[in-house]
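Below: one structure, written as structure tokens.
All of these numbers come straight from a predicted model, not from anything done at the bench. A note on names: the letters A, B, ... follow the listed sequences, proteins ahead of strands, and every chain is numbered from 1.
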Amino acid sequence: MGVPELPEVETIRARLEPLLLGRRFDRVTISDERLTMPFPPESVAAELQGQRIASVERRGKYLIFRFESRRVLLIHLRMTGTLQHAYDGTLADDPYRRAVVRLDDGSDVGYRDVRRFGTWRLLEPDELDPYLAKRLGEEPLGRRFTAAALAARLVNRRTPIKAALLDQRALAGMGNIYADEALWRARIHPRSQARSLQPEDVRRLHRAIRGALQTGLALQGSTLRDYRTPDGEPGSMQHEFRVYGREGQPCYRCGTAIEKIRAAGRGTSYCPGCQVEAAAQASG
DNA sequence: AGGTGGACCCGAACGC
DNA sequence: TGCGTTCGGGTCCACC
């Protein structure tokens with residue numbers, strides 16, 4: 001719970017950036033063979049050692065550590081991955097720690113992951129772009145993500161709009177929480193077929209996606225259980241959820257009790273009063 | 001080809 | 001109380 005989506009990953013990136021820029025990886029310990037699969041953790045650790053950070057970027061839910069060698073460490077936190085930063089050996093013991101990086105200023109970056117879904121992948125300079133291009137669509141907070149761009153990703157798709165929003169190739173960075181929040185803002189039923197959305201629905205959804213993500217970003221993400229910034233602080237977006245986790249409580253817009261259903265194989269919170277199916281039934 | 005459902009993992013929540 | 005079972009979440013992959 002409290003899975004890192006775009007706002008959480010971007011918050012982590014922004015906090016790490018000043019701590020990591022120009023720093024060298026002096027010692028790297030990886031204690032979970034799943035983290036670097038299919039490559040052995042010892043060899044990845046050995047290759048990371050001595051690398052100096054040139055930039056700390058994000059794309060979708062991926063963290064991108066670019067080194068001066070132009071090689072790249074691509075980190076995906078998946079469900080329960082978190083990063084901590086601590087000075088002078090003050091990193092607390094943690095049974096769920098999977099990796100530690102000692103930087104050349106004596107501070108440590110710890111990687112914690114209870115469920116071990118997270119991944120660290122070391123890529124050669126020319127591997128990053130194709131790797132990301134294959135998996136990710138537009139950045140939803142970027143300039144090129146327009147209502148028209150969103151419409152182009154939804155046209156002719158028979159899948160429920162909830163599934164389309166979770167498809168990282170359609171747009172990069174939404175997960176279960178912000179997808180529900182965006183659909184509530186747009187007053188669209190999560191099971192509406194993507195292709196049934198009218199131009200006005202798509203415009204509302206476009207605004208809703210950006211609004212939900214920007215709110216999350218402004219509040220440093222949402223903390224339900226695992227997510228923390230690298231200095232251990234929780235986000236506060238969880239206090240601002242409009243639908244997620246509010247089942248049984250009245251909709252802030254129309255007062256109807258929020259319901260939880262399954263859509264796209266995921267637990268989905270929505271308001272049956274004001275989130276209506278787009279013309280789907282008529283055309284289908 | 002596009003859509004769907006299971007696998008991966010493990011703590012929490014639930015049921016008896 | 002204490003056990004066993006179910007659930008969930010992002011992504012990949014096998015299947016239809």
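Contact check of residues 144-165 of chain A against DNA chain B (heavy atom, cut-off under 4.0 Å) returns Arg157(A), Arg158(A), Thr159(A), Pro160(A).
Asp167(A) has its CG atom 18 Å from the P atom of dG9(C), to the nearest Å. Atom CG in Leu224(A) sits roughly 12 Å away from atom P in dA13(B) (whole-Å rounding). When the C1' atom of dG9(C) is taken as reference, atom CG of Asp226(A) falls 11 Å away, rounded to whole Å. Distance NZ (Lys260(A)) to C1' (dG9(C)): 10 Å, rounded to an integer number of Å. Atom-to-atom, CZ of Arg34(A) to P of dA7(B) comes out at 15 Å; the value is rounded to the nearest Å. Between the C1' atom of dC9(B) and the CZ atom of Phe117(A) lies a distance of 4 Å, rounded to the nearest Å. If you take CZ of Arg116(A) and C1' of dG10(C), they are 16 Å apart, rounded to a whole angstrom. Atom P of nucleotide dG9(C) and atom CG of Leu77(A) are separated by 17 Å, given to the nearest angstrom.
Note on Glu17(A) versus Arg13(A): salt bridge recorded, some NZ/NE/NH1/NH2 to OD/OE distance being below 4.0 Å. With respect to the salt-bridge test (charged N to carboxylate O, under 4.0 angstrom), the residues Arg102(A) and Asp26(A) do not qualify. With respect to the salt-bridge test (charged N to carboxylate O, under 4.0 angstrom), the residues Glu139(A) and Arg59(A) qualify. At a threshold of 4.0 Å, the pair Arg187(A)-Asp201(A) does not count as salt-bridged, since none of the basic side-chain nitrogens sits closer than that to a carboxylate oxygen.
For Arg253(A) and Trp184(A), the positive end sits near the middle of the six-membered ring, less than 6.0 Å away and at most 45° from its axis.
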request  = Take Arg153(A) and Glu138(A) through the salt bridge (Lys or Arg N to Asp or Glu O under 4.0 Å) test and state the conclusion after the steps.
outcome  = CA-CA 10 Å; Arg153(A) 294 299 194 164; Glu138(A) 212 70 72; 5.5 Å; no

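Side chain Arg115(A) to base dG8(C): a donor-acceptor pair is found below 3.5 Å.
The shortest distance between the side-chain N/O atoms of Tyr244(A) and the OP1/OP2 oxygens of dG9(C) is below 4.0 Å. The shortest distance between the side-chain N/O atoms of Tyr96(A) and the OP1/OP2 oxygens of dG11(B) is below 4.0 Å.
Ring planes of Phe67(A) and Phe25(A): perpendicular class, angle over 60° (limits at 30 and 60°).
Summary for the helix from dG2(B)-dC16(C) to dC16(B)-dG2(C): the axes at its two ends, each from 5 pairs, differ by 60° when rounded to the nearest 10 degrees.
Under the 4.5 angstrom side-chain criterion for Ile, Leu, Val, Met, Phe, Trp and Tyr, the cluster partners of Leu19(A) are Tyr87(A). Grouped by direct or indirect side-chain proximity (heavy atoms under 4.5 Å, Ile/Leu/Val/Met/Phe/Trp/Tyr only), Leu91(A) sits with Val100(A).
Under a 3.5 Å cut-off, the side chain of Arg78(A) and the backbone N or O of Gly118(A) do not form any donor-acceptor pair.
Residue contacts shown for Gly265(A) are absent, as no nucleic acid heavy atom lies under 4.0 Å away. Within 4.0 Å of Arg262(A), counting heavy atoms only, lie sugar-phosphate atoms of the nucleic acid but no base atom.
Legend: residues meeting ring-ring contact (aromatic ring centres under 6.0 Å, His included) with Tyr62(A), ordered by chain and number and at least two apart, are His76(A).
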key: Contact state string [nucleotides 11-16 of chain C, B base, S sugar-phosphate only, - no protein heavy atom under 4.0 Å]   = BS----

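Side chain to side chain, Arg228(A) and Thr11(A) fail the donor-acceptor criterion of an N or O pair below 3.5 Å.
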